[in-house]
Amino acid sequence: MLEKDIIERYSQDQIQHYTQRLSEFGSSSQADSWTSQYLARYYYREAVRNLKDLTDLNIFNPERKIRLLDIGSGNGFYLNYLKETGLAASVDYTGLEINPETCLAAQKQQSDAKFINGDFSTMNFPFRAFDFISIIGTYSIFNALNDLETENYIFNNLSKAFGYVDYGVNLLISRCVVPETTLAKILKISENYELKNNLFGNYMSIFLYRQKYTNDVYSAVKQFSS
C-alpha cells in the first residue's frame, strides 16, 4: 500500500508537468512527453504485438471485445494507433489519465471512447475487470519522489494492475527508471513473463501474464506458424 503523501506528491508533479506540456505543444505526441510522433509509434507497435497476435489467433471469445485499460492515456494517441491498425474494432478501450486537462482534450478528440481522469493508485475496479492493461511510457517522470519511493510506486501499481486482468499487463518503461533491483522485484509479480530489454531509446518491454495455459498455447502456435 502506497503512502498518501507519495501519491499526492506524484500526482501534483504529473499534473503540473503535463499541463505545461499541453500548453506548450497542444494536443500532440510532444505534449505526452514523446520526443517525436515516430518514437511514440515505435513503442505503440511493441505494445500491440501481443494483443494483435492473440486477436489473430482467436484465443479470446470472438463474441465480445477485448477489454483494454490504457494507464496514462495522455492525448489518446495509442487509441489512434489501434484505429489505424484495425485493432480498435476488437477492443473495448478505456483510457485513464492523471491530468484533467489532457483527459478532457483526449475525450473531445475521441468521443467514441471512454476516458477517465484519475490516478490509478487511488482507483478501484471490479475483480478481473480487464483482459489487458497497457502502461506505455507512463512511468517516466518521478521528480517529486526519491529512488525508493519511485520503486514502491511502480511496483505497487503493477501489482495492483495484475490483480485486475484476466490475461496480462504490458509495461513499456525506460531502463533508467528501473534499476536491476526494481526489475527483479517486478518480475516476481508473475511466474510467467516476457522481458524485452533492448528497445530503441533505452526502453524495455515487460509483459506479465496471468493465464499460463493460454500463453503456452499462444507461444506454441506462434512458433509453429513462424
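When atom types are taken as modelled, the side chain of Y43 and the backbone of F200 share a donor-acceptor pair closer than 3.5 angstrom. Counting only distance, with no hydrogens or angles, the side chain of D166 and the backbone of R128 share no donor-acceptor pair below 3.5 Å. Listed for the Y164 side chain is a donor-acceptor partner under 3.5 Å among the backbone atoms of F125. Judged purely by atom type and a 3.5 angstrom limit, Y18 has no side-chain atom pairing as donor or acceptor with the backbone of T102. With hydrogens and angles ignored, the 3.5 Å screen pairs no side-chain donor or acceptor of S134 with any backbone N or O of I136. A donor-acceptor pair under 3.5 Å is formed between the side chain of T85 and the backbone N or O of L82. At least one donor-acceptor pair closer than 3.5 Å links the side chain of N117 to the backbone N or O of I98. A donor-acceptor pair is defined here as one N or O able to donate and one able to accept, closer than 3.5 Å; no such pair exists between the side chain of T19 and the backbone of Q16. With Q107 contributing its side chain and A113 its backbone, the two residues share a donor-acceptor pair below 3.5 Å.
E101 is not listed as a side-chain neighbour of I15, based on a closest heavy-atom distance of 4.5 Å or more. The shortest side-chain heavy-atom distance between T182 and T150 does not fall under the 4.5 Å cut-off. Side-chain contact between D70 and T94: absent, with no pair of heavy atoms (C-beta onward) separated by less than 4.5 Å. Between L172 and I206, the closest side-chain pair of non-hydrogen atoms is not below 4.5 Å. Side-chain atoms of S205 and L199, non-hydrogen and from C-beta on, do get closer than 4.5 Å to each other. Here the side chains of F142 and V177 are in contact, with some heavy-atom distance below 4.5 Å.
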Exercise. Given the rule in the side-chain contact (heavy atoms from CB on, under 4.5 Å) test, do L68 and D92 qualify, once you have shown the distances and angles that lead to the verdict?
Worked result: CA-CA 6 Å; L68 172 66; D92 180 8; over 6 Å; no
Exercise. Are M204 and K196 close enough, and set up right, to give a side-chain contact (heavy atoms from CB on, under 4.5 Å), and what steps lead you there?
Worked result: CA-CA 6 Å; M204 62 180 165; K196 190 175 181 180; over 6 Å; no
Problem set entry | Worked verdict on Y193 versus I186 for side-chain contact (heavy atoms from CB on, under 4.5 Å) | CA-CA 10 Å; Y193 63 83; I186 289 172; over 6 Å; no
Exercise. side-chain contact (heavy atoms from CB on, under 4.5 Å) between N152 and K185: does it pass, once the steps are laid out?
Worked result: CA-CA 10 Å; N152 288 337; K185 196 173 179 181; 3.9 Å; yes
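Under the 6.0 Å distance and 45° angle rule, R210 counts as a cation-pi partner of F162. A cation-pi geometry, defined here as NZ or CZ lying under 6.0 Å from the six-membered ring centre and within 45° of its normal, holds between K160 and F120.
Using a cutoff of 4.0 Å between basic side-chain nitrogens and carboxylate oxygens, D131 and R67 are scored as salt-bridged. Contact check on E46 versus R49 returns a salt bridge, with a Lys/Arg side-chain nitrogen under 4.0 Å from an Asp/Glu carboxylate oxygen.
Nearest heavy-atom pair across T138 and Y10 is O-OH, 4.2 Å. The two residues I133 and A161 come nearest to each other via the heavy atoms CD1-O, 3.5 Å. G168 and V165 get closest at one heavy-atom pair: O-CG1, 3.6 Å. Smallest separation of non-hydrogen atoms from Y203 and S140: OH-CB, 4.4 Å. Taking both residues in full, the closest heavy atoms of L96 and G118 are given as CD1-O, 3.7 Å, listed atom of the first, atom of the second, then distance. Scanning all heavy atoms of the two residues, the minimum distance from A106 to G74 falls at CB-O, 3.4 Å.
If you take CD on E151 and CG on L145, they are separated by 12.0 Å, rounding to the nearest 0.5 Å. Distance check: E3 CD to E8 CD gives 11.0 Å after rounding to the nearest 0.5 Å. Between atom CG of residue L208 and atom OG of residue S159 there is a gap of 9.0 Å, rounded to the nearest 0.5 Å. Atom CG of L195 is separated from atom CG of N198 by 9.0 Å, given to the nearest 0.5 angstrom. N80 contributes atom CG, which lies 6.5 Å from atom CZ of F77 (distance to the nearest 0.5 angstrom). Separating the OG atom in S190 from the CG atom in L158 is a distance of 11.5 Å, to the nearest 0.5 Å.
Looking at residues two or more places apart in sequence or on another chain, you find a side-chain contact (heavy atoms from CB on, under 4.5 Å) between K83 and L79, A88, Q110, D112.
Sorted by first then second residue, the salt bridge (charged side-chain N to carboxylate O under 4.0 Å, His left out) pairs that include residues 140-150, not counting sequence neighbours, are R9-E149.
Centroid-to-centroid, the aromatic rings of Y42 and Y44 stay 6.0 Å apart or farther.
Connection of I71 to L104 is not established within any shared hydrophobic cluster, with ILVMFWY side chains joined at heavy-atom distances below 4.5 Å, either directly or through further cluster members.
No more than 12 heavy atoms of other residues, nucleotides or ligands shown are found within 6.0 angstrom of CD on E180.
Ring geometry for Y167 against F132 counts as tilted: the plane angle lies between 30° and 60°, on a 0 to 90° scale.
Using modelled atom types and a 3.5 Å distance limit, the side chains of Y78 and S73 yield no donor-acceptor pair. In this model, a donor atom of one side chain and an acceptor atom of the other lie less than 3.5 Å apart for D119 and S121.
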